[in-house]
Visitor: 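The structure's right below; bear with me while I get my questions together.
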Amino acid sequence: MEKKTLVIVVHPSLASSTINKTWAEALRGEVTLHFLYECYPEGTPIDVLAEQAILEQHDRIIFQFPLYWYAAPSLLKEWMDKVFLDGWAYGAGGDKMEGKEIGVAVSCGGKFEQFVEGGIQRHTIESYMHVFDGICGFVRAKYIGVHAFYDTYNPEALKTLPLNCEKYLQFVKQ
C-alpha cells in the first residue's frame with residue numbers, strides 16, 4: 001500500500017523562488033502540497049485543529065524550505081510550537097505522530113563542497129537538520145533524512161535542477 005504523503009512547503013516568497021517553486025511543481029499531483037505562507041501570511045493565527053487534522057491524514061510528512069541561517073524559516077518553528085502539542089504529539093495520550101515518517105527537503109545557497117565538517121559552512125546539511133531527527137524521536141516518528149539542492153544562485157548548478165527534481169520525487173515516494 002502506497003504511503004499518503006504530505007509536503008509542507010515553507011517559503012516566504014515562493015513566487016520568486018527557483019528551487020522550492022520548481023520542486024513543488026514537480027510534486028503537484030503526486031502528493032498533497034500544503035503551503036504554510038499562503039495559509040498563514042504575517043500575523044495570521046495558525047489553525048491548530050485544521051493542521052493536526054491534515055497531519056493525521058498522512059503517513060509521511062516532508063518539510064520543504066530554503067535554509068535560513070542554518071535552520072528552517074521561522075514560520076515552521078512557530079507552526080511546530082503550536083501544532084505538536086502535549087497530549088496530541090507527545091506526552092500522555094500524545095500518539096498522533098507516532099509511526100509517521102518525516103523528512104526534510106532544503107535548498108542551500110552554499111555549494112555542496114562548503115557543507116563539510118570544518119568547511120566554510122562548518123557542518124554538513126545533515127548535521128544542521130539533526131533537529132528534525134530529534135523531533136522525530138520525541139514524537140515517536142521515523143526520521144527519513146534530507147534531500148537537498150546546493151548552490152542555488154549558480155546558473156550552472158541550476159542546470160541540474162531537473163535531475164534533482166526526479167531524485168526529490170524518489171525521496172518523497174520511497
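FYI, the numbering just counts along the sequence from 1.
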Visitor: Phe132 and Phe63: aromatic ring centres closer than 6.0 Å?
Guide: yes

Visitor: Can you hop from Leu76 to Tyr143 via hydrophobic side chains spaced under 4.5 Å?
Guide: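 Yes, one cluster joins them.
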
Visitor: Can you tell me how far the NZ atom of Lys167 sits from the OG1 atom of Thr160, to the nearest 0.5 Å?
Guide: 8.5 Å

Visitor: Return yes if some donor-acceptor pair links the side-chain N/O of Gln64 with the main-chain N/O of Asn20 below 3.5 Å, else return no.
Guide: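 Yes, Gln64 side chain to Asn20 backbone: donor-acceptor pair under 3.5 Å.
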
Visitor: Got more than 12 heavy atoms from elsewhere within 6.0 Å of CG, Leu163?
Guide: yes

Visitor: Report, as yes or no, whether the 6.0 Å neighbourhood of atom NZ on Lys21 holds more than 12 heavy atoms from other residues, nucleotides or ligands.
Guide: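 Atom NZ in Lys21 is packed in, count exceeds 12.
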
Visitor: I need the minimum non-hydrogen distance between Gly109 and Tyr153, along with the two atoms involved.
Guide: CA-CE1, 3.7 Å

Visitor: Considering residues at least two apart in sequence or located in another chain, which fulfil the side chain to side chain donor-acceptor pair (under 3.5 Å) criterion with Asn164?
Guide: Trp23, His147

Visitor: Do Ile46 and Val10 share a hydrophobic cluster, counting only Ile, Leu, Val, Met, Phe, Trp and Tyr and linking them when any side-chain heavy atoms are less than 4.5 Å apart?
Guide: yes

Visitor: Hey, quick one: are Ile61 and Leu169 part of the same hydrophobic cluster, counting side-chain heavy atoms closer than 4.5 Å, chains of contacts allowed?
Guide: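 Ile61 and Leu169: separate clusters.
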
Visitor: Step by step, would you call His34 with Cys39 a side chain to side chain contact (heavy atoms under 4.5 Å, CB included)?
Guide: CA-CA 8 Å; His34 185 47; Cys39 294; 3.5 Å; yes

Visitor: Ignoring hydrogens, what is the shortest heavy-atom contact between Cys165 and Thr22? Give both atom names and the distance.
Guide: SG-CG2, 3.7 Å

Visitor: Where the side chain of Lys3 meets the backbone of Arg60, is there a donor-acceptor pair that is under 3.5 Å apart?
Guide: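 Side chain of Lys3 to backbone of Arg60: no pair is present.
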
Visitor: Can you name the nearest heavy-atom pair linking Phe171 to Gly103, along with the distance?
Guide: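 Answer, listing the atom of Phe171 first, then Gly103: CZ-CA, 4.3 Å.
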
Visitor: Could you walk me through whether Glu98 and Val139 satisfy the side chain to side chain contact (heavy atoms under 4.5 Å, CB included) test, starting with their C-alpha distance in whole Å, then the side-chain angles of each, then the deciding distance to 0.1 Å, before giving a yes or no?
Guide: CA-CA 6 Å; Glu98 187 171 350; Val139 301; over 6 Å; no

Visitor: Please report the interatomic distance OG1(Thr44) to CG(Leu75), rounded to the nearest 0.5 Å.
Guide: 9.5 Å

Visitor: Counting only N and O atoms by type, is there a donor-acceptor contact under 3.5 Å from the side chain of Ser13 to the main-chain atoms of Ser16?
Guide: no

Visitor: Using a strict cut-off of less than 4.0 Å between a Lys/Arg side-chain nitrogen and an Asp/Glu carboxylate oxygen, indicate whether Glu156 and Lys159 qualify as a salt bridge.
Guide: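 A salt bridge is present here (some side-chain N lies under 4.0 Å from a carboxylate O).
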
Visitor: State the CG-CE distance between Leu67 and Met129, to the nearest 0.5 angstrom.
Guide: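 Rounded to the nearest 0.5 Å, the CG-CE separation comes to 5.0 Å.
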
Visitor: Less than 4.5 Å apart, any side-chain heavy atom of Leu161 and any of Thr18?
Guide: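 Leu161 reaches Thr18 side chain to side chain.
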
Visitor: Between Glu42 and Tyr37, is there a side-chain donor-acceptor contact under 3.5 Å, judged purely by atom types and distance?
Guide: no

Visitor: Between Phe65 and Val146, is there a shared hydrophobic cluster once you connect ILVMFWY residues whose side-chain heavy atoms come closer than 4.5 Å?
Guide: yes

Visitor: Is it true that a side-chain atom of Lys77 and a backbone atom of Ala72 form a donor plus acceptor pair closer than 3.5 Å?
Guide: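 Answer holds: no.
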
Visitor: Counting N and O atoms only, with roles assigned by atom type, does the side chain of Gln52 sit under 3.5 Å from a partner on the main chain of Val83, one being a donor and the other an acceptor?
Guide: yes

Visitor: How are the rings of Phe115 and Tyr150 set relative to one another: parallel (under 30°), tilted (30 to 60°) or perpendicular (over 60°)?
Guide: tilted

Visitor: Can Ile125 and Val104 be said to form a side chain to side chain contact (heavy atoms under 4.5 Å, CB included), step by step?
Guide: CA-CA 10 Å; Ile125 198 64; Val104 175; over 6 Å; no

Visitor: With hydrophobic residues grouped by side-chain heavy-atom distances under 4.5 Å, do Ile102 and Ile54 end up in a single group?
Guide: yes

Visitor: So do the side chains of Lys142 and Cys136 get within less than 4.5 Å of each other, counting heavy atoms only?
Guide: no

Visitor: Taking the side chain as everything from C-beta on, heavy atoms only, tell me whether Phe84 gets closer than 4.5 Å to Trp79.
Guide: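 Phe84 reaches Trp79 side chain to side chain.
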
Visitor: Nearest 0.5 Å, what's the CD-CD1 distance between Gln114 and Ile120?
Guide: 5.0 Å

Visitor: A side-chain contact here means heavy atoms from C-beta on lying under 4.5 Å apart; do Pro66 and Ser17 qualify?
Guide: no

Visitor: Rounded to the nearest 0.5 Å, what separates atom CG in Asn154 from atom OG1 in Thr152?
Guide: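 Nearest 0.5 Å value for the CG-OG1 distance: 9.0 Å.
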
Visitor: Kindly determine whether Tyr168 and Ile62 satisfy side chain to side chain contact (heavy atoms under 4.5 Å, CB included), including the steps that lead there.
Guide: CA-CA 11 Å; Tyr168 183 30; Ile62 307 295; 3.8 Å; yes

Visitor: Just one of Glu101, Glu30, Glu166 clears the salt bridge (Lys or Arg N to Asp or Glu O under 4.0 Å) bar with Lys173, so which one?
Guide: Glu30

Visitor: Does the side chain of Tyr90 reach to within under 4.5 Å of the side chain of Leu85, using non-hydrogen atoms?
Guide: no

Visitor: Kindly say whether Val48 contributes a backbone atom to a donor-acceptor pair with the side chain of Glu51 at under 3.5 angstrom?
Guide: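 No; zero donor-acceptor contacts below 3.5 Å.
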
Visitor: Atom CD of Glu56 and atom CE of Met97: how far apart are they, to the nearest 0.5 Å?
Guide: 9.5 Å

Visitor: Between the side chains of His58 and Thr32, is a donor N or O closer than 3.5 angstrom to an acceptor N or O?
Guide: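 Judged by distance alone, the side chains do pair up.
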
Visitor: For His123, what residues pass the ring-ring contact (aromatic ring centres under 6.0 Å, His included) criterion, not counting sequence neighbours?
Guide: Tyr128

Visitor: Has the side chain of Lys100 got a donor or acceptor atom that lies under 3.5 Å from a matching backbone atom of Leu55?
Guide: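 Flag set: sc Lys100 to bb Leu55 pair under 3.5 Å.
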
Visitor: Main chain of Gly99, side chain of Arg140: is a donor-acceptor contact present, judged purely on distance under 3.5 Å?
Guide: no

Visitor: Main chain of Asp47, side chain of Tyr40: is a donor-acceptor contact present, judged purely on distance under 3.5 Å?
Guide: yes

Visitor: Counting only N and O atoms by type, is there a donor-acceptor contact under 3.5 Å from the side chain of Asp151 to the main-chain atoms of Ala157?
Guide: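 Side chain of Asp151 to backbone of Ala157: no pair is present.
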
